[in-house]
Peer 1: 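Sharing a structure with you now.
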Amino acid sequence: MAKKPRVKVPKSAKKGDVIQVKTLFSHKMETGLRKDKKTGKLIPRKIINKFECLFNGKEVFSADIHPAVAANPYFAFSCRAEETGEFTFKWTEDGGKVISASRKMKVS
Amino acid sequence: MTESKHTAAMMERRDFLAAAGSGVIALMATAMVPGIAFAKPEDAAKAISEYTGGKAVQEGKVSLKLPQIAENGNTVPVTVMVDSPQTADNYVKKIHIVSEGNPTPFIASFNLSPMSGKADVSARMRMARTQNVVAVAEMSDGTFFAAKKQIKVTIGGCGG
């Protein structure tokens, strides 16, 4: 559970280039529809319901996530490289827990 | 004596059959997720109109990439690309992915920005059964475009 999220961003890019960002977060993404085989009770829902990616504080990409997103949520998206700066990634779990990561990118 | 023994045996047999029966139902239930109705195409349409606010949805611009057959519904790759320059005055604001055959029609909504550079998003989703998947894109000028594709699912990925 406490594994670090995996993020792939190029370390450097040329100004104006469109780069690809890939993120993977290890999480079971419990749908709330599954039953515990021993007790027969529904396992409560616990998913990552929001993912955000910011660059120098400005939102580049975000996702509102429903239980139909697979376990270990993976997202790949694009970003235009305009200036040197830092990406911030945030994953919000049901219940409000936020896990974040950051990556620097040099733009020349 | 013999009669009561006989009835006892009968009862046992009946109990056994009943138990076996419920066992089978329980088995089926775990496979099919009991008490949870699957979304119908109408539910998906309703979800889409919630996203669009009732506005007309045009075809085109959106390309939805899915495998033709998903052997494992637990993790199905999906890519949505929208034909757009992603500049400050002409960009894709949102991309919604909607299911016509999962327990709920909602899968995910992506918010993009002019900084995205390209409207190109990939993710992995769960598919409960063979169904249509719809991708709806909201453009910055308030128009909507959509694409629909069928996916065949061998083993559903919802009950676990």
Side-chain angles (χ1 to χ4, degrees), chain A residues 8 13-25 27-38 40 42-43 45 47-83 85 87 107, chain B residues 26-27 29-30 32-36 38-39 47 51 70 72-81 85-88 91-92 94-99 101-128 131 133 157-160:
Chain A
K8 213 171 174 185
K14 267 189 199 157
K15 193 174 158 66
D17 271 3
V18 175
I19 57 138
Q20 198 184 37
V21 181
K22 288 179 181 173
T23 66
L24 182 80
F25 191 88
H27 195 280
K28 263 182 136 177
M29 299 291 276
E30 199 57 66
T31 58
L33 305 176
R34 236 158 49 97
K35 280 188 172 176
D36 188 315
K37 275 179 188 143
K38 279 180 198 149
L42 282 177
I43 303 169
R45 181 184 128 155
I47 65 165
I48 299 287
N49 58 43
K50 181 101 188 150
F51 167 71
E52 292 156 277
C53 168
L54 302 112
F55 187 72
N56 286 349
K58 264 169 63 188
E59 183 178 303
V60 178
F61 175 86
S62 74
D64 303 316
I65 307 165
H66 297 275
V69 168
N72 305 333
Y74 162 85
F75 299 108
F77 50 91
S78 304
C79 178
R80 190 182 283 126
E82 293 287 2
E83 53 182 353
F87 282 102
V107 175
Chain B
L27 254 177
T30 40
M32 292 173 68
V33 191
I36 294 151
F38 286 116
Y51 284 140
N72 178 3
N74 268 317
T75 166
V76 181
V78 54
T79 300
V80 183
M81 282 190 288
Q86 289 298 106
T87 53
Y91 66 99
V92 178
K94 282 176 183 187
I95 296 174
H96 307 285
I97 305 179
V98 179
S99 141
N102 272 4
T104 59
F106 307 103
I107 298 177
S109 300
F110 304 113
N111 307 303
L112 284 79
S113 66
M115 263 176 86
S116 298
K118 245 192 327 188
D120 178 354
V121 179
S122 296
R124 288 174 194 150
M125 58 184 180
R126 290 181 171 128
M127 295 273 98
Q131 56 179 283
V133 175
C158 258

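Chain identifiers are assigned alphabetically (A, B, ...) following the order of the sequence lines, protein sequences preceding nucleic acid strands; residue numbering begins at 1 within each chain. Note that the structure is predicted; figures quoted are calculated from it, not measured.
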Peer 1: Non-hydrogen atoms of chain B under 4.5 Å away: do they reach the side chain of A/L24, the backbone, both or neither?
Peer 2: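 It is the side chain, since no backbone atom gets that close.
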Peer 1: Got a sec, which residues hit side chain to side chain donor-acceptor pair (under 3.5 Å) with A/S78, two or more places apart in sequence or on another chain?
Peer 2: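 Per chain and number, A/S78 pairs via side chain to side chain donor-acceptor pair (under 3.5 Å) with no residue.
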Peer 1: Go through A/E52, A/M29, A/K22 and name the one with the most non-hydrogen pairs under 4.5 angstrom from chain B.
Peer 2: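 Result: the option with the highest number of such pairs is A/M29.
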Peer 1: Which word best sums up how the rings of B/F110 and A/F75 line up, parallel for under 30°, tilted for 30 to 60°, or perpendicular for over 60°?
Peer 2: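 Plane angle over 60°, so perpendicular.
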Peer 1: Please give me the minimum heavy-atom distance between B/R126 and A/K28, naming the atom from each residue.
Peer 2: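 Heavy atoms only, the tightest pair is NH2-O, 3.3 Å.
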Peer 1: Looking at B/A123, B/S109, B/A119, which makes the most heavy-atom pairs under 4.5 Å with chain A?
Peer 2: B/S109
Peer 1: Chain A heavy atoms under 4.5 Å from B/P114: which part of the residue, side chain, backbone, both or neither?
Peer 2: backbone
Peer 1: Could you tell me which of A/G40, A/S62, A/C53 has the largest number of non-hydrogen atom pairs under 4.5 Å with chain B?
Peer 2: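 Among the listed options, the one with the most contacts to chain B is A/S62.
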Peer 1: Could you check A/Y74 against B/T75 for side chain to side chain contact (heavy atoms under 4.5 Å, CB included), going step by step and ending with a plain yes or no?
Peer 2: CA-CA 10 Å; A/Y74 162 85; B/T75 166; over 6 Å; no
Peer 1: For residues 63-72 of chain A, dump all side-chain donor-acceptor pairs below 3.5 Å to protein atoms at least two apart in sequence or in another chain.
Peer 2:
{"from": "A/D64", "atom 1": "OD1", "to": "A/K50", "atom 2": "NZ", "distance (Å)": "2.8"}
{"from": "A/N72", "atom 1": "OD1", "to": "A/H27", "atom 2": "N", "distance (Å)": "2.9"}

Peer 1: Hey, which of B/I97, B/V76, B/V121 has the most heavy atom pairs under 4.5 Å with chain A?
Peer 2: B/V121
Peer 1: Which residue out of B/S99, B/S113, B/S116 racks up the most heavy-atom pairs below 4.5 Å with chain A?
Peer 2: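 Top count of heavy-atom pairs under 4.5 Å with chain A: B/S116.
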